[in-house]
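What follows is one structure encoded as structure tokens, with my remarks underneath.
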Amino acid sequence: MTANNGARQPKYQRIADALREAITAGEYGPGDRLPGENDLMAKYDVARMTARQALGVLQNEGLAESRKGAGVFVRAFRPLRRRGIQRLSQEQWGSGRSIWSADTEGRQLTVDQVTVTEEPTPERIASVLDITPESAVCVRNRRFVLEGKPVLLATSYLPAELVAGSAITQEDTGPGGTYARLAELGAKPVHFREEVRSRMPSQDEAKRLNLSMGTPVMLICRTAFADGGRPVEVNEMTLDSASYVLEYDFDA
């Protein structure tokens, strides 16, 4: 049965499987160049398009990346393990640590493309924050770059009236970030809700995240609630799916 299924597999898929197994076995390590189209054509007696498709499979899976004029290489970037529950604990941001420090394990993280503006509330955000569309929101846009690799785009929306005059309206929110500042404003987050979806990226998202062709993104929309169920922030995040493992660890 297995042999028959293998025989029915497209040639490019069988080649991709062989290369994947070689990567898993350590024959090709992080940063190593994979066999090129000409090498695969000769070894497997296939057309160039078939060889190209095989390499494309590995790129779409996030295992390999193409470097213009140099070939296709095993991706050297180690996926980021996003610990969805531990990172949001009050123990984390309440002690002045960034929630990102729960994920990065000492790896170098930088935040760039930061803008902070006050804008009319988008209708979808107004309904979640339970404010009128006529109300203004503080909009925080930023990009997170880990070890030189863009991994996430984030846009946070907070009621402008709530955060007016606070460090939340500045590029640098200070130790503990936005949630620590909300606590100082009497709006300490006590509950979070995250919704996760997936789709292909827009052209702008692909450019800002430096995505390989065919790589999807994961969308996480997190809402932070203060006491009494009051929503105080909506954060819309766009993640490079090949750069992340989403981990949720909780008791039964």
Side-chain angles (χ1 to χ4, degrees), residues 80-105 109-146 151-197 218-239 244 246-251:
L80 184 64
R81 188 168 294 275
R82 183 182 188 273
R83 295 174 171 86
I85 294 177
Q86 294 92 328
R87 69 196 310 273
L88 293 174
S89 69
Q90 184 178 340
E91 180 183 352
Q92 186 72 20
W93 49 264
S95 61
R97 298 194 301 270
S98 163
I99 62 175
W100 270 80
S101 64
D103 304 336
T104 56
E105 299 176 332
L109 173 75
T110 57
V111 182
D112 65 9
Q113 300 183 3
V114 180
T115 62
V116 185
T117 57
E118 185 172 306
E119 302 175 14
T121 310
E123 187 173 342
R124 71 182 188 285
I125 300 298
S127 62
V128 179
L129 288 178
D130 196 24
I131 59 178
T132 64
E134 293 76 25
S135 302
V137 282
C138 173
V139 182
R140 298 182 52 83
N141 278 296
R142 60 264 192 221
R143 183 179 72 163
F144 293 82
V145 182
L146 188 68
V151 294
L152 178 145
L153 308 174
T155 302
S156 291
Y157 302 88
L158 304 101
E161 184 179 13
L162 171 64
V163 303
S166 73
I168 292 173
T169 63
Q170 307 300 313
E171 289 190 9
D172 184 356
T173 55
T178 296
Y179 295 147
R181 303 292 80 76
L182 284 172
E184 293 167 356
L185 294 171
K188 179 179 72 176
V190 296
H191 179 73
F192 297 94
R193 180 181 66 221
E194 289 193 342
E195 300 173 349
V196 182
R197 295 183 293 128
M218 291 183 289
L219 308 176
I220 300 180
C221 181
R222 181 173 68 232
T223 306
F225 299 88
D227 278 330
R230 177 190 180 190
V232 291
E233 183 219 31
V234 175
N235 188 352
E236 295 183 327
M237 293 163 276
T238 303
L239 292 68
Y244 273 93
L246 303 186
E247 178 181 296
Y248 294 93
D249 184 8
F250 45 86
D251 295 330

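For residues 112-128, the pairs satisfying salt bridge (Lys or Arg N to Asp or Glu O under 4.0 Å) are Asp112-Arg143, Arg124-Glu236, with sequence neighbours left out.
Summarising the local packing, CZ of Arg230 is surrounded by 12 or fewer heavy atoms from other residues, nucleotides or ligands at distances under 6.0 Å.
A distance-only check finds no donor-acceptor pair linking the side chain of Arg193 to the backbone of Cys221 [under 3.5 Å]. The backbone N or O of Thr173 sits less than 3.5 Å from a side-chain atom of Arg181, completing a donor-acceptor pair. Under a 3.5 Å cut-off, the side chain of Arg140 and the backbone N or O of Glu171 do form a donor-acceptor pair.
A pairwise comparison of heavy atoms in Ala180 and Pro175 identifies CB-O, 3.6 Å as the closest pair. Pairing each heavy atom of Ala154 with each of Leu152, the nearest pair is CB-CD2, 3.6 Å.
Here the straight-line distance linking atom CG of Leu153 with atom CG of Leu219 works out to 10.5 Å at 0.5 Å rounding. For the atom pair Leu109 CG and Leu146 CG, the distance stands at 6.0 Å (nearest 0.5 Å). The CG atom of Asn235 sits 8.5 Å away from atom OG1 of Thr178, with the distance rounded to the nearest 0.5 Å. Rounded to the nearest 0.5 angstrom, Tyr244 OH and Leu239 CG are separated by 4.5 Å. Here the CG atom belonging to Leu129 is positioned 9.0 Å from the CZ atom belonging to Phe225, to the nearest 0.5 angstrom.
Checking each of Val128, Leu158, Thr155 against Val234 for a side chain to side chain contact (heavy atoms under 4.5 Å, CB included) leaves exactly one that passes, namely Val128.
A search for side-chain hydrogen bond (donor to acceptor under 3.5 Å, both in side chains) contacts involving Asp227 returns nothing, not counting sequence neighbours. Gln113 is linked by a side-chain hydrogen bond (donor to acceptor under 3.5 Å, both in side chains) to Arg208, counting only residues two or more places apart in sequence or in another chain.
Considering only heavy atoms from C-beta on, Thr121 stays 4.5 Å or farther from Pro133 through its side chain. Residues Val137 and Ile131 form a side-chain contact, since some pair of their non-hydrogen atoms from C-beta on lies under 4.5 Å apart. Between Val196 and Tyr248, some side-chain heavy-atom pair lies under the 4.5 Å cut-off. By the 4.5 Å heavy-atom criterion applied to side chains, Val163 and Leu182 are counted as neighbours.
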Exercise. Would Leu162 and Ile168 count as a side-chain contact (heavy atoms from CB on, under 4.5 Å) if you check the C-alpha gap in whole Å, the side-chain angles of each, and the deciding distance to 0.1 Å?
Worked result: CA-CA 10 Å; Leu162 171 64; Ile168 292 173; over 6 Å; no
For this session: Determine, step by step, whether Arg222 and Ser156 satisfy the side-chain hydrogen bond (donor to acceptor under 3.5 Å, both in side chains) criterion, reporting the C-alpha distance in whole Å, the side-chain angles of both residues, the deciding distance to 0.1 Å, and the verdict.
Result: CA-CA 9 Å; Arg222 181 173 68 232; Ser156 291; over 6 Å; no
Exercise. Taking it one step at a time, do Leu185 and Val232 satisfy side-chain contact (heavy atoms from CB on, under 4.5 Å)?
Worked result: CA-CA 11 Å; Leu185 294 171; Val232 291; over 6 Å; no
For this session: Go through the steps for Ile220 and Leu246 under the test side-chain contact (heavy atoms from CB on, under 4.5 Å), then give the verdict.
Result: CA-CA 11 Å; Ile220 300 180; Leu246 303 186; 4.2 Å; yes
